[in-house]
Amino acid sequence: MEILRTLVDAAGPGEYAQLLAPLLDDAAPEPDDDQASGGFRLHRAVGGYIAAAARATPILLTLEDLHWADDQTLALLRALPSLLSTSRVLLVVTCRDSELSDQQADVLAALARLGPVRVGLDGLDAEAVAELVRATCVREVDEDAVGTIAERTGGNPFFVRETVRLLDAEATRDRATAAEVLSGVPSGVRDVLRRRISRLPAAAQQILLQAAVIGRDVDVDVLVDVAGDEDAVVDAVEAALLAGLVTEPGPGLLRFDHDLVRDTIYSDASRLRRSRLHAAVAAVIERRNPGDVAALAHHYDAAGTAETAGKAVHYARLAAAQAERRFAHREAATLWERAVAAFDRSGAAHTPETTRERLLLTLNLIKALALCGDMAAARRRRREAMDAARPLGDLELTARVAASLAVPHKGMARDFTRTAWEIVDVAEQALVELPAAEQSLRASLLATLALELEGSATSRGEQASLEAEELARRTGDPALLATALSGRLRQSYGITPVGEREVIGRELLEVGEASGQVSVQALAHLVLMECAAAQGAFAEADAHVAAAERLARRYGLPAPAAVGAWYAGQRLMIAGDFAGAERAYRDAARLTARAGMLEGRQDLPLITAFCLRLVNGRAAEMVESLAEAHRRGAKWTTDAYAVALASAGHPLDARAVIAVKTPVRPDFLYELAMIWRALAGMLLDDRERMTEAYDTLKPFSERIAGAGTGVVALWPVALTLGDLALRLGFTDAVRPHYEKALAVARRVGVTRWIEAAQRSLGG
């Protein structure tokens, strides 16, 4: 009726007006013919009319969703192809095979005799899913979320759109993270899938639930053992295949077509039923394949009972160790966390022995969290472990807890809002009281001091880092040497020989490659990236970032992706694409926070925003943002805030801010913060500040200001040195500094830096 009325509106009914009246006019009288002959005449009239219309122009007829077609449409569709066989008519019929009734399937069989072209539609590929997501979603969706959507939906466009709408709705309510939302099933999708599942026999639905408990990929032999009836499993699998709910990727294997199918079946079962089924699946796998420790850890943990807790701890421990051998530290952390939770679930009495056992599990968890870069979670767990360890009176165990973050990693090992003096005190006490033979623990404690005392006024951190390195070299343990060198890195920002950081990075790379420690190799590449960027060797820096990101993709390391995102912002900033840099920095902040690297919870987004506006002559715009950070005690803001105030025309307020002179911490912001101090000194005519900045920055004259952070890049340091020399009256030094700035700018090839140096040279 819809098709005919469209054609008639365009071309008129011609001689077929009376014959087609039942389809064209809802008020037309009933025909006098009997049902069979009337239907035959009507079908011929439809065919004749379309054939006649096609003589004037070719016609495309599209019948969408045959699986919803009524009986009359099906009857007409049987007859139409033969009636139009010599006409210029193309007929396209779409259907969902898994939802066809017997009568609808018979029509497809009848059409098959005419040799139609069949086009099977798979899901959209990842690129098309990304395009659909971004066309549908109001909020910004990152690449990882798009990948998750593609995986969970199998590229089914309806499922993709429903998932995106759920993501938008939850974001509007601000109730959940993207990861939490994407772990659920949108209600529209759930309704569709429930309808398809409900068509299966009850026995088949029960077996599919057992399969869903096993996982998205199912070993049919395991499913048969769990179900206890091979024939019932075969019948259920065949029914599910016909319904399009599962596929057979290989002999004896079953795979749910989408994660959403599996999750719908799984979540519709009660928690009690799922728990019992997980225990049953674990028992079958333990009997058939006891080496599959990852699956056993999952199922015994999901069983969630006190009776299975012991096995959950046992297999989680084995699976975590296996993951660590494969450098899958994030997976290992998850497994150690499950082991701790299962230990708590076992109901063991609280005794010193059980406390020690739990602490040993927690130590492994802390180390895994630190190795995967999630320092926020690692520090929280270490604080909890310290509270549990101290009452035991076991100095060695307490010292191991204190030193548990001493691992090679990229990121902040310490919380820059405070120094963990309790950790420093325990480390110092243990170094005095523990036997000298405890070399590995002593080296880890010394590295811990280097990490915790980064940027502090005392020289103890640097001294400890040197002692840790010496001790680690004596042990011959490459992992310990990498840890000690990591401590040296954290103490290297204030070292006068500015090339020492690069020396440390190159040795880390050698140690990592020789010992096969991929996280150490990634760390080394990121350190060498910072060193290359500081010198303006950006092609070399690009290569190191690419190498780190390759390792990250291969071994699931989160830190290189986050660091690479900050570096991408730096490159855009250098190119003068400030809007692009701002977008890159937002992405970097999100990746850093998700990885648990403490930079994401500190002030890097604010620092990058200030630097972008500083190089663009808009520092005054940052007054309010920096005022808020200054009020909450962010010490790095002193000079930056003063620069913003002075730029906004508030010199008195700016002088009040810098009235109390605070030392610049020799941490990763050291060189950048000294540039801010130089600018504040020049804007406010503070000779003491200018002199301090000049003396501090002279060793960095070959560098790009701030580029050693791998995050921002202002201009050649020599340009600021020339400005300072001019203001301080160091007449003979002015021109050499500006010439150095010009040489650095030309080497890097940044036009605005070249022009700034030429202006300073007077031409």
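Put simply, the side chain of Leu335 reaches to within 4.5 Å of the side chain of Arg338, judged on heavy atoms. Taking the side chain as every heavy atom from C-beta outward, Tyr567 and Met529 approach each other to under 4.5 Å. In this structure, Glu396 and Glu438 have side chains that are in contact, with non-hydrogen atoms separated by less than 4.5 Å. For the pair Thr637/Met622, no side-chain contact is recorded, criterion being any heavy-atom separation below 4.5 Å from C-beta on. Put simply, the side chain of Leu672 reaches to within 4.5 Å of the side chain of Cys611, judged on heavy atoms. Residues Val712 and Met573 form a side-chain contact, since some pair of their non-hydrogen atoms from C-beta on lies under 4.5 Å apart. The side-chain heavy atoms of Leu434 and Leu445, taken from C-beta on, include a pair separated by under 4.5 Å. Using a 4.5 Å cut-off on side-chain heavy atoms (C-beta onward), Val527 and His544 make no contact.
Atoms OG1 and NE2, from Thr334 and His298 in turn, are 12.5 Å apart once rounded to the nearest 0.5 Å. Between the CG atom in Leu360 and the CZ atom in Arg317 there is a gap of 8.0 Å [rounded to 0.5 Å]. Atom CG of residue Leu397 and atom CZ of residue Arg390 lie 12.5 Å apart, to the nearest 0.5 angstrom. If you take CZ on Arg490 and CG on Leu485, they are separated by 13.5 Å, rounding to the nearest 0.5 Å. With values rounded to the nearest 0.5 angstrom, Ile504 atom CD1 is found 4.5 Å from Arg488 atom CZ. Going from atom CD of Glu454 over to atom OG of Ser465 covers 11.0 Å, rounded to the nearest 0.5 Å.
Tyr641 places no side-chain N or O within donor-acceptor distance of the main-chain N or O of Glu628, the cut-off being under 3.5 Å. Counting only distance, with no hydrogens or angles, the side chain of Ser486 and the backbone of Ala482 share no donor-acceptor pair below 3.5 Å. Using a distance-only test at 3.5 Å, with no hydrogens or angles considered, a donor-acceptor pair links the side chain of Gln570 to the main chain of Ala707. Checked by atom type and distance alone, the side chain of Arg442 pairs as donor or acceptor with a backbone atom of Leu431 at under 3.5 Å.
Annotation for Ala370 and Ala378: closest pair N-CB, 4.1 Å, computed over non-hydrogen atoms. The two atoms that bring Ala533 and Ile704 nearest to each other are O-CG1, 4.1 Å, heavy atoms only. In this structure, Leu626 and Ala644 approach most closely via the heavy-atom pair CD1-CB, 3.8 Å. Between Pro666 and Tyr670, the shortest heavy-atom contact is CA-CD1, 3.5 Å. Of all heavy-atom pairs spanning Leu557 and Ala522, the tightest one is CD1-CB, 4.0 Å. Taking both residues in full, the closest heavy atoms of Pro605 and Ala589 are given as CG-CB, 3.8 Å, listed atom of the first, atom of the second, then distance.
Residues Trp336 and Glu324 have side chains that bring a donor and an acceptor to within less than 3.5 angstrom of each other. Residues Gln517 and Ser519 bring no donor and acceptor atom of their side chains to less than 3.5 Å of each other. Side-chain contact annotation: Thr592 with Trp566, donor-acceptor N/O pair under 3.5 Å present. Using modelled atom types, one finds no donor on one side chain facing an acceptor on the other under 3.5 Å when comparing Ser404 with Arg382.
Ionic pairing of Glu353 and Arg358 is not present here: no N-O contact between side-chain nitrogen and carboxylate oxygen is shorter than 4.0 angstrom. Between Glu337 and Arg381 there is a salt bridge, since at least one side-chain N of the basic residue sits less than 4.0 Å from a carboxylate O of the acidic one. Between Arg216 and Glu151 there is a salt bridge, since a side-chain N of the basic residue sits under 4.0 Å from a carboxylate O of the acidic one. One finds no salt bridge joining Arg326 and Glu331 here, because no Lys/Arg side-chain nitrogen approaches an Asp/Glu carboxylate oxygen to under 4.0 Å. Checked for salt-bridge contact, Arg613 and Glu582 meet the test: a charged N lies under 4.0 Å from a carboxylate O. Salt bridge annotation for Arg506-Glu510: absent, with no cationic side-chain nitrogen under 4.0 angstrom from a carboxylate oxygen. Using a cutoff of 4.0 Å between basic side-chain nitrogens and carboxylate oxygens, Arg380 and Asp374 are not scored as salt-bridged.
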Practice task
Walk me through it: do Leu449 and Val424 pass the test side chain to side chain contact (heavy atoms under 4.5 Å, CB included)?
Solution key: CA-CA 6 Å; Leu449 289 174; Val424 172; 3.8 Å; yes
Practice task
Check step by step if salt bridge (Lys or Arg N to Asp or Glu O under 4.0 Å) holds for Arg383 and Glu422.
Solution key: CA-CA 10 Å; Arg383 283 196 297 273; Glu422 71 277 10; over 6 Å; no
Practice task
Test Gln521 against Val511 for side chain to side chain contact (heavy atoms under 4.5 Å, CB included), laying out the working first.
Solution key: CA-CA 8 Å; Gln521 294 173 49; Val511 171; over 6 Å; no
Exercise for the section: Starting from the C-alpha separation in whole Å, work towards a yes-or-no answer on salt bridge (Lys or Arg N to Asp or Glu O under 4.0 Å) for Glu671 and Arg501. Expected result: CA-CA 14 Å; Glu671 173 199 311; Arg501 188 167 178 76; over 6 Å; no
Exercise for the section: List the steps and the verdict of side chain to side chain contact (heavy atoms under 4.5 Å, CB included) for Ile607 and Trp676. Expected result: CA-CA 11 Å; Ile607 290 167; Trp676 300 335; 4.0 Å; yes
Problem - Trp421/Leu453 under side chain to side chain contact (heavy atoms under 4.5 Å, CB included): CA gap, chis, key distance, verdict - result: CA-CA 9 Å; Trp421 291 110; Leu453 294 172; 3.8 Å; yes
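Relative orientation of the His299 and His278 rings is tilted, given thresholds of 30° and 60° on the angle between their planes.
For residues 559-573, the set of pairs meeting the salt bridge (Lys or Arg N to Asp or Glu O under 4.0 Å) definition, not counting sequence neighbours, comprises Asp542-Arg571.
Annotation: Glu624, atom CD; neighbour count of heavy atoms from other residues, nucleotides and ligands within 6.0 Å does not exceed 12.
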